[in-house]
Amino acid sequence: MKDLEEKNCFITGAASGIGRSFAIALANEGMNLFISDINMEDLERVKEEIDKIGVKVYTGKCDVAKFSDWEKISKDFFSELKELDLLINNAGTAIGGDILELELEDWKRVLDINLWSIIHSLKVFLPHMYNKHSGHIVNVASGAGVFGSAEPASYITSKFAVVGLSEALFGQLYSQNIKVSVVIPSYVKTNIFSNAKIKYSKNLIDAYGEDKIEKIYHSLLDELIRNAMSPDKAVKRYIRGIKKDQLYVYDVRSVLGPLSLKANPQLFEKFLINYHENAIKTTKEHFLKFGINIDDFK
Ligand SMILES: NC(=O)c1ccc[n+]([C@@H]2O[C@H](COP(=O)([O-])OP(=O)(O)OC[C@H]3O[C@@H](n4cnc5c(N)ncnc54)[C@H](O)[C@@H]3O)[C@@H](O)[C@H]2O)c1
């Protein structure tokens, strides 16, 4: 999608981070927007910023996990903007921590928000794109959708599915002139880390209390993103890729590195093991700074 001016975009999770930066950057390109989120207070603030740019902008509440919200908001979208050119499935969440503490509803919540959101969006918006033989679908995945990193297993599962779905759509919709891109952010400085729900080991909480463990864990996440890219800078790069109709869109090319390692399975196995050992070492060293040896609580 080379020319964005006066085209229409629907975007989820636009109240914060990457979604907010997408909304503002696309407005600056002259796009009309329908922005959505569950956090209406922050979303209205984003609308105020976009109003100043002078394009059309509408807001609506859409919990992406709920299909009834999609049915309603798609009707509102079409009654305001009539045509959909760019659909950005951006909203996402993470629930991390000890895999043994993850409940089934935690897995379901992550898959509902990160994966089912996109399936819901296709159900309400794809027929329209099919009818007019045009449109561009952008799904925001993650570096966690490229290899089995140290991020929460539920998050990785959801983002692998988003990458797989996007690849399938890219091939299947090509003949309909519908473009598909999947965004693979590396580390981008947003609220997703501070908002992430963490399920800590019960033994650790019994020994030190949830507040202390939560503070230590979040300070580790803060360290991880201290030098991360700003969402504005990352989104500028994503838009460049979207304009070139690229399937994989990224902020730093190295985020795709593990893909090429998979061509050598033995090397890839070693890479996964080393990667996890390093992540465990970093977490262990961080907790030791606070006088806690997490190995004592396994
Ligand atoms: N920040 C990173 O480093 C990073 C890395 C890889 C992937 N991502 C992906 O980027 C996307 C955007 O995340 P972000 O980093 O900007 O985080 P963020 O927390 O700043 O923004 C996420 C937005 O999604 C909204 N949201 C959460 N649950 C929702 C729901 N059920 N329905 C509707 N909206 C909901 C939140 O209210 C928030 O406004 C996510 O899909 C995330 O997985 C981010």
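Remember, it's 1-based here, ligands and their atoms both numbered in the order they're listed.
Numbered from 1 in the order shown, with element, the atoms of ligand 1 that lie under 4.0 Å from a heavy atom of G17 read 16 (O), 20 (O). Taking a cut-off of under 4.0 Å to the non-hydrogen atoms of D63, the atoms of ligand 1 that pass are 30 (C), 31 (N), 32 (N). Remark: ligand 1 atoms within the under-4.0 Å shell around heavy atoms of C62 are 32 (N), 33 (C).
Summarising the hydrophobic clusters (Ile, Leu, Val, Met, Phe, Trp, Tyr; side-chain heavy atoms under 4.5 Å, direct or chained), the residues clustered with F160 are I156.
Some N or O of N191 is nearer than 3.5 Å to an N or O of ligand 1, by distance alone. Close N/O approach between Y187 and ligand 1 is not found [any backbone or side-chain N/O within under 3.5 Å]. For the pair P185 and ligand 1, the shortest N or O to N or O distance does not fall below 3.5 Å. The distance criterion of under 3.5 Å between nitrogen or oxygen atoms is not met by N39 with respect to ligand 1. In terms of polar-atom proximity, F193 is not counted as a contact of ligand 1, lacking any N or O under 3.5 Å from an N or O of the ligand. Taking distance alone, with nitrogen or oxygen atoms compared against 3.5 Å, T190 approaches ligand 1 more closely than that limit. At a 3.5 angstrom cut-off on N or O pairs, V64 counts as close to ligand 1.
In this structure a side-chain-to-backbone donor-acceptor pair under 3.5 Å is present from S36 to I11. With D251 contributing its side chain and A234 its backbone, the two residues share no donor-acceptor pair below 3.5 Å.
Scanning all protein heavy atoms for the shortest distance to atom 29 (C) of ligand 1 gives I38 CD1, 3.6 Å. Here the protein heavy atom with the shortest distance to atom 8 (N) of ligand 1 is Y155 OH, 3.6 Å. Looking from atom 20 (O) of ligand 1 to the surrounding protein, the closest heavy atom is S16 OG, 2.5 Å. What sits closest to atom 34 (N) of ligand 1 on the protein, heavy atoms only, is A91 CB, 3.6 Å.
The pair D3-K7 fails the salt-bridge criterion, with no side-chain N (NZ, NE, NH1 or NH2) lying under 4.0 Å from an Asp/Glu carboxylate O.
Across S21, A144, G92, A15, heavy-atom proximity to atom 22 (C) of ligand 1 is greatest for G92.
The shell of residues lying under 4.0 angstrom from ligand 1, judged by heavy atoms, includes A141.
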